[in-house]
Amino acid sequence: MKSFFGPLGWLGQNKKQVAFASVLILTATLTGLWFSLTWDLPSVAQIRSLRPGSALQIKAMDGSLIYSGGHGPVHQVTTKQIPETLRKAIVATEDRRFYEHSGVDFFGIVRALVRDAQKGEVREGASTITQQLARNLFLTQERTIWRKLREMILAARIEQDLSKDEILTLYLNQIYFGSGAYGVADASLTYFNKRVEKLNFLESALLAGMPQAPSRYSPLVNKELALKRRDVVLKNLVEVGYLNTRNYEGLRKKPIRLDPQNYQTTTQSAYFAAYIQSQLPDILGSSALPEGLIIETTLDPVLQNTAQNTITNSLNAYRRYRVNQGAMVVLDPITGQIRAMVGGKDFQKSQFNRAVQAMRQPGSTFKAFVYTAALESGIRPDDTYTDKPTRIGNYEVKNYDHRYFGEMHLTDALKESRNTIAVQLFVKVGEQKVVDVARRMGIHSELQHGAAMALGASVVNLLELTSAYGTFANNGTHVEPTAILRILNRSGQVLYSATPKTTNALTPEIAANMTHMLEAVITDGTGRRANIDRPAAGKTGTTEDHRDLLFVGYTPQLVAGVWLGNDDNSPTRGTSGLAAAVWGKFMGRAMAKLPSKDFPEAPGLPDTQVPPAVPDEPVIPEPAVPTPPTIENTQGDEPPPNDTIDCQTNDQGDLVCRNAPDPSLDNLRRTPIPKGIREE
């Protein structure tokens with residue numbers, strides 16, 4: 001016992017020595033911690049002399065340069081040049097206690113913690129403008145306590161040696177404002193074609209709303225969303241006392257007025273280059289990017305030029321059909337790499353990328369997911385269903401041409417795009433099964449409930465729809481689309497390297513059988529104008545009043561999607577045959593130098609238990625025509641009959657299957673890329 005209590009006795013007799021040793025250990029630990037936190041942080045002199053880089057190179061897959069320009073500010077402004085209205089708008093929106101704290105707002109941190117606790121998740125951050133400046137210029141965006149501590153130390157260091165005006169000026173000179181504009185001077189020229197000191201109150205409010213999510217709030221991308229964000233900034237100004245309520249009500253009623261000066265590239269790859277730039281803040285986690293970036297991409301310059309020329313020339317030829325805009329996406333289905341992207345007819349006139357930012361109804365192209373779900377449930381391509389007006393409850397589903405062919409094999413029903421049979425299959429396999437298939441194949445957008453889903457009443461973007469069809473071409477494996485392969489800094493250090501994200505979405509047997517059915521669409525169905533005299537498969541799609549004209553198809557080597565229509569969602573005089581023809585023109589040229597390759601054989605499918613049909617008292621009249629007629633295109637350049645959806649509404653006027661414009665979808669027509677760049 002004595003030997004056990006001996007050390008304790010010694011401790012009791014030497015309290016001063018123990019305390020002194022403890023202090024030494026604690027001091028050494030804190031010193032080491034402080035040194036670890038601060039040893040490589042920049043000095044104030046480095047901060048003062050900092051000028052964000054202005055070199056950015058975007059390269060195609062063959063190493064050729066497709067974009068070279070600034071991703072840092074081309075112009076710098078002084079404190080005196082920044083309007084008072086802009087300073088107030090930024091402070092009111094980004095950091096209301098900016099002039100009160102010393103770099104770190106501890107009151108704001110407590111407030112954010114309380115609000116996050118109330119919401120049960122981390123949704124509100126508390127980074128000050130000074131912290132944002134420190135993080136964007138010198139630190140990473142990793143979500144760690146260590147990085148946060150370094151950020152706070154650097155923010156305090158900045159506040160000790162720089163005035164508030166100097167900090168705000170540095171911040172406004174380097175922050176990203178969307179559409180390729182870094183710094184407030186470039187943003188002022190990009191959006192309003194004026195010097196920053198000439199900005200008025202509303203223009204200042206518009207710019208102040210962008211740093212939170214610049215790719216989303218750019219008025220050149222989505223004017224309606226930018227307007228809503230501007231009004232949020234105006235409300236912030238009222239709350240902090242910089243604007244009275246009367247003036248607020250008057251200002252928020254005024255529209256956005258732009259006079260854009262385009263700094264972007266004018267090459268054939270302009271939409272793709274802009275898309276790449278919009279991805280950089282999210283990938284690298286910072287709105288202020290390192291100097292001298294080199295972006296290696298997946299773009300094939302030859303395919304890109306072919307795609308852009310095909311869209312532009314086709315739109316010029318289709319004026320009589322009242323088709324004013326178009327988009328195309330081309331992917332390698334094996335790797336998911338984007339080979340070409342056309343976001344519209346003319347990038348100089350409109351930077352809105354219809355390939356990735358426009359949300360449109362896919363029409364009958366969505367039927368591929370319904371038929372896939374049916375095959376997975378044990379239904380076979382040669383099974384017979386009856387094409388007839390079909391009532392589901394109070395709803396009556398009809399075909400676009402008001403004709404009914406009676407008993408048909410499913411392959412024939414798909415190639416002729418019969419609405420009634422697609423809805424019968426949807427009811428039989430169940431909505432959840434169809435949703436599950438679409439999700440596995442790459443459809444990420446929200447899907448509308450009910451039978452209308454079977455006929456394409458939901459809204460998706462062209463990139464995800466094309467990528468989903470790539471699953472068929474890749475023997476059932478889905479690969480998420482990739483545009484950026486690597487990002488390197490000026491020293492050649494790799495900052496980012498893409499890793500393919502793959503999903504075993506379908507069995508090879510299901511994919512092969514769906515391809516066999518979709519081949520018939522081109523050889524003998526609604527997509528005959530897409531025939532390129534080699535193995536190809538695809539599906540047409542048209543929405544109500546011919547507002548959206550689509551064709552998505554693939555060969556074993558490439559998958560491409562085409563959309564034609566109008567930005568204001570006005571009706572056209574065309575059909576999906578126009579989109580099929582555009583696809584055929586492009587793919588005919590794109591595949592000319594590639595060897596013809598056959599699709600895998602379509603083996604027999606295993607028997608699977610099929611969910612029972614929903615007993616909804618279907619109406620079964622006699623078929624008007626016993627067998628489907630052969631559709632011949634005798635109208636010269638006119639397309640063959642299309643697959644426009646035509647379903648009934650109930651007594652309350654609810655949408656059933658018809659692709660009528662749904663007021664609830666109006667705000668989704670031009671939804672931007674839903675990602676911000678803000679960490680907190």
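Residues: numbered from 1 along the sequence shown.
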Ile487 vs Leu280, test: side chain to side chain contact (heavy atoms under 4.5 Å, CB included). Steps then yes/no.
CA-CA 9 Å; Ile487 301 177; Leu280 295 180; 3.7 Å; yes
Apply side chain to side chain contact (heavy atoms under 4.5 Å, CB included) to residues Asp387 and Asn399 and explain how you reach the verdict.
CA-CA 9 Å; Asp387 180 24; Asn399 289 323; 2.8 Å; yes
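- Rounding to the nearest 0.5 angstrom, the gap separating the CG atom in Leu410 from the OG1 atom in Thr384 is 7.5 Å.
- For the side-chain contact (heavy atoms from CB on, under 4.5 Å) criterion with Leu550, the lone passing option out of Leu465, Thr466, Leu578 is Leu465.
- The closest donor-acceptor contact from the side chain of Arg534 to the backbone of Met591 lies under 3.5 Å.
- Between the side chain of Thr542 and the main chain of Ser576, a donor-acceptor pair closer than 3.5 Å is present.
- Side-chain atoms of Ser417 and Ser364 include a donor-acceptor pair closer than 3.5 Å.
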Give the intermediate values and the outcome of side chain to side chain contact (heavy atoms under 4.5 Å, CB included) for residues Thr502 and Asn474.
CA-CA 11 Å; Thr502 63; Asn474 196 23; over 6 Å; no
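- Leu518 and Lys539 get closest at one heavy-atom pair: CD2-CB, 4.1 Å.
- Using bins of under 30°, 30° to 60° and over 60° for the plane-to-plane angle, the ring pair Phe369/Phe366 lands in the perpendicular bin.
- With hydrogens and angles disregarded, a donor-acceptor distance shorter than 3.5 Å links the side chain of Thr471 to the backbone of Ala468.
- Of the N and O atoms on the side chains of Asn569 and Arg360, at least one donor lies less than 3.5 Å from an acceptor on the other residue.
- Within the 3.5 Å criterion, the main-chain N or O of Pro595 finds a donor-acceptor partner in the side chain of Gln557.
- Within the 3.5 Å criterion, the main-chain N or O of Gln357 finds no donor-acceptor partner in the side chain of Asn353.
- Judged by distance alone, the side chain of Asn531 and the main-chain N or O of Arg528 form no donor-acceptor pair under 3.5 Å.
- Of the possible donor and acceptor atoms, none in the side chain of Gln424 sits under 3.5 Å from a partner among the backbone N and O of Asn419.
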Between Leu414 and Met514, does the side chain to side chain contact (heavy atoms under 4.5 Å, CB included) criterion hold? Intermediate values first, please.
CA-CA 10 Å; Leu414 180 60; Met514 277 303 303; 4.3 Å; yes
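- Lys428 places no side-chain N or O within donor-acceptor distance of the main-chain N or O of Ala374, the cut-off being under 3.5 Å.
- Considering only residues two or more places apart in sequence or on other chains, Phe551 meets the ring-ring contact (aromatic ring centres under 6.0 Å, His included) condition with Trp583.
- Residues Ala438 and Leu447 approach most closely at CB-CD1, 4.2 Å, considering heavy atoms.
- Minimum heavy-atom separation, Met453 to Val435: CE-CG2, 3.6 Å.
- Taking a cutoff of 4.0 Å between a charged side-chain nitrogen and a carboxylate oxygen, Arg547 and Asp568 do not qualify as a salt bridge.
- At most 12 heavy atoms of other shown residues, nucleotides or ligands fall within 6.0 angstrom of atom NE2 in His449.
- A pairwise comparison of heavy atoms in Ser377 and Lys433 identifies OG-CE, 3.9 Å as the closest pair.
- For the pair Pro333 and Leu558, the tightest heavy-atom approach, listed with the atom from each and the gap, is CD-CA, 3.8 Å.
- Remark: side-chain polar atoms of Asn324 are not paired, donor with acceptor, to backbone N or O of Asn566 under 3.5 angstrom.
- To the nearest 0.5 Å, atoms CG (Asp300) and CD1 (Ile338) are separated by 13.0 Å.
- Neither side chain, Tyr385 nor Thr420, offers a donor N or O lying under 3.5 Å from an acceptor on the other.
- Formation of a donor-acceptor pair under 3.5 Å by the Thr540 side chain with backbone atoms of Gly527 is not found in this model.
- Considering all non-hydrogen atoms of both residues, Leu506 and Phe472 come closest at CD1-CE2, 3.8 Å.
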